[in-house]
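For reference, the structure discussed in these notes is given below.
One-based numbering, in listed order, for ligands and for the atoms of each. Note: hydrogens, waters and symmetry copies are ignored here, and every other heavy atom, side chains too, is used. All residue numbers in this chain count up from 1 along the given sequence.
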Amino acid sequence: MMRLGVIADDFTGATDIASFLVQNGLPTIQFNGVPESHDELSAQAIVISLKSRSCPTHQAIDQSLAALQWLQQQGCDRFYFKYCSTFDSTEQGNIGPVTDALLAALGETQTVISPSLPVNGRTVYQGYLFVADQLLSESGMRHHPVTPMTDSNLVRLMTRQAKGQAAVINAAQLDQGADAVRAQLDTLKAQGINYVVLDALHEQHLLTQGEALKQTRLVTGGSGLAIGIARAWATQQQNSDAEHAGRPQGERAVVISGSCSQMTNRQVQAYRQLAPSHEVLVERCLDNAESYAQELCDWVEAHHQPDLAPLLFATADAQQLQAIQQQYGAARSSEAVEQLFAAVTRELKSRGWQRFIVAGGETSGVVAQSLGVTAFHIGPMISPGVPWVRDIHQPLSLALKSGNFGDEQFFARAQQEFSA
Ligand SMILES: Nc1ncnc2c1ncn2[C@@H]1O[C@H](COP(=O)(O)OP(=O)(O)OP(=O)(O)O)[C@@H](O)[C@H]1O
Ligand SMILES: O=C(O)[C@@H](O)C(=O)CO
């Protein structure tokens, strides 16, 4: 049996790809960081989440190579480097240098670059990356505080960051099917092309990619290519209930929102119409986080209900956030909110809470850490890229949502459509 090892450069990005793998037939386990032990694992795909998207490049390379080595020790023989569907990186990397290091470690010279995720509006055409109807470089990503994306051309981006040569297999070539794509990959390899940017405008293109790359040692991309890879593998392996091990369990649920994205603001607003909610105040977090956390846990306990769990939210709109940041400082206020949520979730766990629905990538990372969640089974998908996950060692279930993911009714649907 082939086993896929995925190296993801951030936490919710890892859950995103794991979810697509499961939904398309591959039982999957996810680890936070490179585990220290070697467990006997039955999953067909193993995902490791790193924090290597914007750290210094040499650290990203070291972490990725350590993950590769561990995955090889678990019997993985095919590998997937997962980065953001908006190719979040700087002129220096880290996508290019990590790709080069993984290729070298595997003794390979060629891989593909496939960030497309059409279901979430990311497509690639003639090697240019689009976010909905805008070029990447004209989308909000051009203002990203850490990895501003001011070029949309993936050939140029890769050529600047990595050592080798890049070329495109375009949509028209993908329309010709998997055999044609494989032949084109071989031709480009003979010409010394190391990174082949793959167009994808819709899911059929991703299925064609997956079929063409079934035997490729290393692929790289967003989570969309995982749909193709999993389908190509799952038809061979006949995995019919891959998400079973990750189905949510546990009696008491709470919703924690630490994201200030536009989508999370809408989700919080919608959910507040339905369920008890309590705003988290930054000045109280800064004042005495521990006693404030106890107070908030008491409130959650008093508002426990089985169908629509109480919501704690620090979510603020852009104007409110700006005012808070001016008053207390951006780093200080966000750190205070994160520490508060860490204390709240730790305490709720000790009081018997077992289901946590969390909004925000950083917030999710902090909550997973405070709950001591290091490895989980991936369960059913709530929205594209957001699954329920279940801790391997403790009776805890989590839904961890990237800021911009999910629809307006996400919080309610996470509970009502997936009762424990
Ligand atoms: N009211 C607030 N005032 C100041 N900082 C806040 C407030 N609410 C949340 N934060 C901080 O904002 C940050 C939000 O980051 P997080 O990654 O959780 O969400 P996101 O950026 O929307 O998600 P993603 O990374 O998945 O796109 C966290 O550090 C959080 O603590
Ligand atoms: O690929 C994506 O868009 C997400 O999984 C992600 O990485 C967001 O940070």
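- Closest protein heavy atom to atom 18 (O) of ligand 1: T363 OG1, 2.6 Å.
- Side-chain contact between F356 and L371 is present, with heavy atoms from C-beta onward closer than 4.5 Å.
- Of all the heavy atoms in A105 and L65, the pair that sits closest is CB-CD2, 3.8 Å.
- R142 and E138 are not joined by a salt bridge, as no carboxylate oxygen comes within less than 4.0 angstrom of a charged side-chain nitrogen.
- Note: H202 and H205 have parallel aromatic rings, judged against thresholds of 30 and 60 degrees for the angle between ring planes.
- In summary, D317 and R266 do not engage in a salt bridge, as defined by a charged side-chain N under 4.0 Å from a carboxylate O.
- A salt bridge links R231 to E203: one of the charged nitrogens lies within less than 4.0 Å of a carboxylate oxygen.
- Between D151 and R156, at least one side-chain N (NZ, or NE/NH1/NH2) sits under 4.0 Å from a carboxylate O, which counts as a salt bridge.
- Here's the thing with A359: none of its N/O atoms is less than 3.5 angstrom from an N/O atom of ligand 1.
- The distance from the CZ atom of F81 to the CG atom of L50 is 8.5 Å, given to the nearest 0.5 Å.
- Looking at atom 11 (C) of ligand 1, its nearest protein heavy atom turns out to be S334 CB, 3.6 Å.
- Nearest protein heavy-atom neighbour of atom 28 (C) of ligand 1: E338 OE2, 3.5 Å.
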>> Determine whether D10 and K82 satisfy the following criterion, salt bridge (charged side-chain N to carboxylate O under 4.0 Å, His left out), listing intermediate values before the conclusion.
In response: CA-CA 9 Å; D10 90 338; K82 157 71 175 70; 5.2 Å; no
Sub-3.5 Å pairs, protein N or O with ligand 2 N or O:
| from | atom 1 | to | atom 2 | distance (Å) |
| --- | --- | --- | --- | --- |
| ligand 2 | 1 (O) | K82 | NZ | 3.1 |
| ligand 2 | 1 (O) | S85 | N | 2.9 |
| ligand 2 | 1 (O) | S85 | OG | 3.4 |
| ligand 2 | 3 (O) | S85 | OG | 2.6 |
| ligand 2 | 5 (O) | D16 | OD2 | 2.5 |
| ligand 2 | 5 (O) | K82 | NZ | 3.0 |
| ligand 2 | 7 (O) | R53 | NH2 | 2.7 |
| ligand 2 | 7 (O) | K82 | NZ | 3.2 |
| ligand 2 | 9 (O) | D10 | OD2 | 3.4 |
| ligand 2 | 9 (O) | R53 | NH1 | 2.8 |

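- For atom 14 (C) of ligand 1, the closest non-hydrogen atom of the protein is G258 O, 3.2 Å.
- Close N/O approach between K401 and ligand 1 is not found [any backbone or side-chain N/O within under 3.5 Å].
- No more than 12 heavy atoms of other residues, nucleotides or ligands lie within 6.0 Å of CD in Q262, so this atom counts as exposed by the packing criterion.
- Here's the thing with A314: one of its N/O atoms is less than 3.5 angstrom from an N/O atom of ligand 1.
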Donor-acceptor pairs under 3.5 Å, side chain of residues 276-287 to any protein atom, not counting sequence neighbours: which ones?
| from | atom 1 | to | atom 2 | distance (Å) |
| --- | --- | --- | --- | --- |
| S277 | OG | R272 | NE | 3.0 |
| R284 | NH1 | E295 | OE2 | 3.3 |
| R284 | NH2 | E295 | OE1 | 2.8 |

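- Atom 19 (O) of ligand 1 has as its closest protein heavy atom G360 CA, 3.4 Å.
- Between G361 and ligand 1, a contact under 3.5 Å exists for at least one N or O pair.
- Within a 4.0 Å radius of atom 21 (O) of ligand 1, the protein has no heavy atom.
- Counting only non-hydrogen atoms, the option in V282, T315, T264 that gets closest to atom 3 (N) of ligand 1 is V282.
- With respect to R217 and D77, no salt bridge is recorded, no charged nitrogen being found less than 4.0 Å from a carboxylate O.
- Nearest protein heavy-atom neighbour of atom 27 (O) of ligand 1: G403 N, 3.6 Å.
- Contact analysis leaves N404 out of contact with ligand 1, as no non-hydrogen atom separation drops below 4.0 angstrom.
- Polar contact with ligand 1: present for S259 (N/O pair, distance under 3.5 Å).
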